[in-house]
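Worksheet: one structure, shown below.
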2 protein chains.
Amino acid sequence: MKMDDRKQKVLLAIVHDYIATAEPVGSRTIAKKFRLGVSPATIRNEMADLEEQGYIEQPHTSAGRVPSEQGYRYYVDYLMKKHDLSAEEEDLIRSEFDIKVKDIGQVIQKTGQLLSQLTHYTAMVLTPSIGSSRFKHIQLVSMNPTQAMVVVVMDNGTLHHRLIDIPESISADDMETISRILNAKLRGLTNENIKLTLVKEIYFELARHKHILDLAMELLEDSLTMKSEDKIYLGGVFNMLNQPEFHNVEKVKTLLSILEQEKLLYGLMTGEEQEVGVTVRIGGEIKNKEIKECSMVTAAYSVAGRKMGSMGVLGPTRMEYAKVISIVDFMTKNLSQALERMMKGTGK
Amino acid sequence: MKMDDRKQKVLLAIVHDYIATAEPVGSRTIAKKFRLGVSPATIRNEMADLEEQGYIEQPHTSAGRVPSEQGYRYYVDYLMKKHDLSAEEEDLIRSEFDIKVKDIGQVIQKTGQLLSQLTHYTAMVLTPSIGSSRFKHIQLVSMNPTQAMVVVVMDNGTLHHRLIDIPESISADDMETISRILNAKLRGLTNENIKLTLVKEIYFELARHKHILDLAMELLEDSLTMKSEDKIYLGGVFNMLNQPEFHNVEKVKTLLSILEQEKLLYGLMTGEEQEVGVTVRIGGEIKNKEIKECSMVTAAYSVAGRKMGSMGVLGPTRMEYAKVISIVDFMTKNLSQALERMMKGTGK
DNA sequence: TTTTAGCACTCAGCAGGTTAGAGTGCTAAC
DNA sequence: GTTAGCACTCTAACCTGCTGAGTGCTAAAA
């Protein structure tokens, strides 16, 4: 859909001004602020055309124009110029990821805080999960006469644990033995790599502990396929309340009720087949019906080409797309690198 | 401060009606709804007295009266009748805790959800932490040539972990040895029990691994003294938005900004020396200046007399104190029992 | 002395009406 | 194709008066 050059300029002006002011944009404003070299009347004509084509709309008869979802989409796809982060912003992000990683959970949390702080919207970060991570270590720990804890450590630095019931007849030494054998057989394997023959072998060796083995293998299976619920870090929800579109309490309520449902959020983050790079979803392009007048900018972070998790920003459709896209892009890259360093163990 | 019997009845009527309707209560309303056997005029006189003594106040000249913080305090201390939970509520709570505990984190989260669901206010639950828990197991897991993960399991079912740098010279076998020795020497000890002599002994045996030992002992120390940040589970924030006092967006904003600061919340939950049983803090009795017109009802849960953590409800001062107190009380008791069962391993 | 009825007074909130200003669409001239 | 001018529309802000809830005071009743 080719568009007249001047029309593009008008649309761009409307989008920019509306993003900046949250007020419907009039023809006079455009003529004054954006110096297109034509009079308001001409701009009015262009605007009438743009409205007919669905790129902008009018809240009411005597108001200015506001970009439609289609308008934002056109802006993001064709008009938007790359936004360069300020040196301070880049430094802030770099220094954030330049620390020694002690605990992945903490890094994720910090990432979320920083993301919301820089964008002034709500940030969502998914913990490392998807993808085939490798099994590092399993340990059975006796907790009391009838229970033990199974701890599984994965190579991406995540931990999984579960309490299981055990027969009283099992001794601490037995558990040590089980742990040792499981480790010896399975270390370094991904889910796909665990061959049936291998499992049979283990069951054979540990026949008398079948019951425990069942429970341990179950957790292991969950850890490897990452069924275990992934955590989502949410930050800067109250940033959204500073946006004029959320001065209405009803809207705040629906927003909050959505953000409290982790599963729903999880669906939002993983729902779309995420291509490489940054994905922008505008308004109705977000599948969820309850989320209205919002856009999401998401991207995946990865290690050695393996997708680990994703982060994203939720804001009003009137979002500073260019800036947010740059930030999300830069942060995923830095997070990926930091995790890469952590997993490879290359230096600080 | 002894109070006239009829004054008490009037105060009670005002508190009850205001809690129910959120509207200032007038003399006529009291006379009609609460049948004290006297006319509105008499009640007006009593109300004038109550206002003079500071138990109630008037939003503006021609409005009814509203309980003051002092009024709520008097209500909670002297007037409130015990609220019995409905059979359904009790069943709901019991069935919640009657499951087999697989993971403490999950139980905490569910507890928070249920608490907010039953009270319709915001629930806060602190993970098990304070108190001297015992060390169960430590494990060093090699992650890559230069890093290892230290995993510590505590007897209250919590896990702590941290990535540490290691010299390349250390082999996986070395780490296994270190783990084994640490476990043998330290299992079952609390922080106070770890004697200096014992530590020296360990350092002597593992002299050549001093560096790793330092890092491992650091995590251990943190785990035992529970310095590591405790998690707070928050639930039902959006419940608060249904309260008429939060129809003002500004108030919602300050509330949310507070709830996003975990440290602040942590201070709120642990700040007061929590006595046994349920604590009620009304309005200004909450230390935080930013929290206005809110009350908190908190209680600790414990295992075998050892305080483990606490849970609480944050709501407007116009809170259904009697009901909330009963719920918090009942839930802490049930949670304590569930954890007790888990740690003792006595059946499901 | 306590309670009550009656009455004048106060004030928030709402409905209705008016105005100001922003912005449009159309028309006719450039 | 562009622009100035103008009539028109609609919202938001402001004023105004009214209503109703609720009070405090006074004087009479119990």
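Residue numbers start from 1 in every chain, and the chains themselves are labelled A, B, ... in the order their sequence lines are given, proteins ahead of strands.
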#### Entry: Criterion side chain to side chain contact (heavy atoms under 4.5 Å, CB included) against Thr119(B), the qualifying member of Leu314(B), Val313(B), Val328(B)
Val313(B)

### Task
Only counting residues at least two apart or in another chain, list the ones meeting salt bridge (Lys or Arg N to Asp or Glu O under 4.0 Å) with Glu245(B).
Arg318(B)

Applying side-chain contact (heavy atoms from CB on, under 4.5 Å), name anything that partners [X], two or more places apart in sequence or on another chain.
| X | answer |
| --- | --- |
| Ala48(B) | none |
| Asp91(A) | Arg94(A) |
| Glu23(B) | Thr21(B) |

What is the distance, to the nearest angstrom, from the [atom1] atom on [X] to the [atom2] atom on [N]?
| X | N | atom1 | atom2 | result |
| --- | --- | --- | --- | --- |
| Ile30(B) | dT3(C) | CD1 | C1' | 17 Å |
| Ile56(A) | dG23(C) | CD1 | C1' | 13 Å |
| Lys7(A) | dG1(D) | NZ | C1' | 12 Å |
| Ile43(B) | dA5(C) | CD1 | P | 12 Å |
| His60(A) | dT11(D) | NE2 | P | 6 Å |
| Leu36(B) | dT3(C) | CG | C1' | 14 Å |

### Task
Spell out protein contact along nucleotides 22-30 of chain D as letters: B when the base is contacted, S when just the sugar-phosphate is, - when no protein heavy atom is under 4.0 Å; keep the 5' to 3' order.
SBB------

Distance-only check: which donor-acceptor pairs under 3.5 Å involve side-chain atoms of residues 26-35 of chain B, not counting sequence neighbours?
| residue | atom | partner | partner atom | Å |
| --- | --- | --- | --- | --- |
| Ser27(B) | OG | Arg44(B) | NH1 | 3.3 |
| Lys33(B) | NZ | Asp17(B) | OD1 | 2.7 |

### Task
Check whether any side-chain N or O of Ser39(B) sits under 4.0 Å from OP1 or OP2 of dT4(C), and answer yes or no.
yes

